[in-house]
Amino acid sequence: MSFESLNLDSAILRAIEESGYTTPTAIQSQAIPVVTAGHDLMASAQTGTGKTAAFMLPALNLLATPHELKSRGPRILVLVPTRELATQVNEAARKYGKFIRARTVSIVGGMPYPLQNKLLSQPLDILVATPGRLLDHMERGRIDLSRLQMLVLDEADRMLDMGFLPDVERICEQLSAERQTLLFSATLDGDIARIAKQILKNPKTIQVATQKEKHANIEQRLHYVDDMTHKNKLLEHLLIAPEVNQVIIFTSTKRHADVLAEDLYAAGHKTAALHGDMTQGARNRTLTKLRQGDVKVLV
Ligand code: AMP
């Protein structure tokens with residue numbers, strides 16, 4: 001299948017070509033026709049499958065037809081669990097929406113309100129947001145949702161894990177029932193299925209990776225340790241293994257992340273901590289270093 005056969009606006013096809021994509025990924029070739037046909041969709045797709053373009057391309061395609069209302073509010077709302085994902089989705093919207101001049105904004109927690117108020121007062125097409133901060137702005141009457149046509153819940157399972165469900169429900173209550181809703185999640189069972197029932201209307205379901213395939217490349221091991229000294233020695237042993245390129249270590253607290261990162265750094269590992277007490281600038285710099293390989297161990 002080619003992108004040309006997906007009935008997308010020529011300005012979007014141009015941006016796809018400029019991105020260097022030649023063929024749609026599995027989730028894209030399955031999801032895009034369902035979304036452009038106007039259906040609600042629940043899809044299971046992991047990061048790395050091209051899921052962002054799978055919802056962003058048909059969302060942008062909506063923008064190719066002008067809205068009858070002249071107001072300034074967003075026509076597409078993407079809810080994401082984290083600030084980092086908001087940045088990624090916003091960048092994707094800019095990249096694919098370049099030639100249709102999509103106006104996109106990202107609104108996340110931890111950023112100053114005055115700047116966000118200013119961003120939200122300008123005409124907008126796409127709003128990418130984390131649920132808590134978005135709800136704050138909605139409750140202060142800062143967002144005009146009268147033009148909203150599409151809601152996307154990206155990484156819905158993570159939003160659920162992070163306790164955002166009540167916020168998501170409250171946001172949905174304030175959106176037009178006429179909207180189209182898309183839900184992307186690593187899994188579609190259990191709680192996600194229940195939420196989907198509540199928020200989506202007769203959704204089509206797409207599953208590109210089954211539960212079993214999902215972790216096929218991950219080996220899980222459990223190590224019992226006697227005490228901290230033993231644990232630290234074992235960690236050191238794992239970190240110096242020649243096949244280990246990059247490592248992410250999760251700790252129970254932010255403070256512990258800082259302490260462990262400092263210890264590992266002192267022991268000669270290119271280490272950095274990442275947690276919610278750091279400024280967004282520092283978080284972004286750390287992630288860039290991780291991507292570029294300048295950080296080997298992320299705590
Ligand atoms: P995602 O799963 O949305 O995080 O996307 C993973 C990566 O795949 C991103 O870096 C995209 O730029 C890239 N990508 C998305 N769609 C395609 C495509 N059709 N062909 C090649 N790369 C793609």
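What you see is a predicted model; the values in this text were computed from it and never measured. Remember, it's 1-based here, ligands and their atoms both numbered in the order they're listed.
- Under a 4.0 Å criterion applied to the non-hydrogen atoms of K51, ligand 1 contributes the atoms 1 (P), 2 (O), 3 (O).
- Within a 6.0 Å radius of CD in Q174, more than 12 heavy atoms belonging to other residues, nucleotides or ligands are found.
- Distances from atom 6 (C) of ligand 1 to the heavy atoms of G48, A45, S19, P24 show the closest one on G48.
- Looking at atom 3 (O) of ligand 1, its nearest protein heavy atom turns out to be T52 OG1, 2.6 Å.
- In the displayed structure, F99 atom CZ is contacted under 6.0 Å by more than 12 heavy atoms of other residues, nucleotides or ligands.
- At least one heavy atom of T23 sits under 4.0 Å from some atom of ligand 1.
- Both L151 and L165 belong to a common hydrophobic cluster when Ile, Leu, Val, Met, Phe, Trp and Tyr are linked at side-chain heavy-atom distances under 4.5 angstrom.
- For atom 8 (O) of ligand 1, the protein comes within 4.0 Å by no heavy atom at all.
- Cation-pi geometry between R142 and Y113 is not satisfied (NZ or CZ under 6.0 Å from the ring centre, within 45° of the ring normal).
- Closest protein heavy atom to atom 11 (C) of ligand 1: Y21 OH, 3.2 Å.
- Short contacts between ligand 1 and F3, defined as distances under 4.0 Å to a heavy atom of the residue, involve ligand atoms 19 (N).
- Contacts between F55 and ligand 1, counted as non-hydrogen atom pairs separated by less than 4.0 Å, are absent for every part of the residue.
- When the side chains of ILVMFWY residues are joined at heavy-atom separations under 4.5 Å, either directly or via intervening members, L274 and L239 end up in two distinct hydrophobic clusters.
- Heavy-atom proximity to T47, at under 4.0 Å, picks out these atoms of ligand 1: 2 (O), 4 (O).
- At a 3.5 angstrom cut-off on N or O pairs, G50 counts as close to ligand 1.
- Applying the 6.0 Å contact sphere to NZ of K197 captures no more than 12 heavy atoms from other residues, nucleotides or ligands.
- Comment: R170 engages E139 in a salt bridge, judged by a side-chain N to carboxylate O separation of less than 4.0 angstrom.
- The 12-atom threshold is not exceeded at NZ of K204, counting heavy atoms of other residues, nucleotides or ligands nearer than 6.0 Å.
- For atom 23 (C) of ligand 1, a protein heavy-atom neighbour is present inside the 4.0 Å cut-off.
- Regarding atom 16 (N) of ligand 1, its nearest protein heavy-atom neighbour is Q28 NE2, 2.8 Å.
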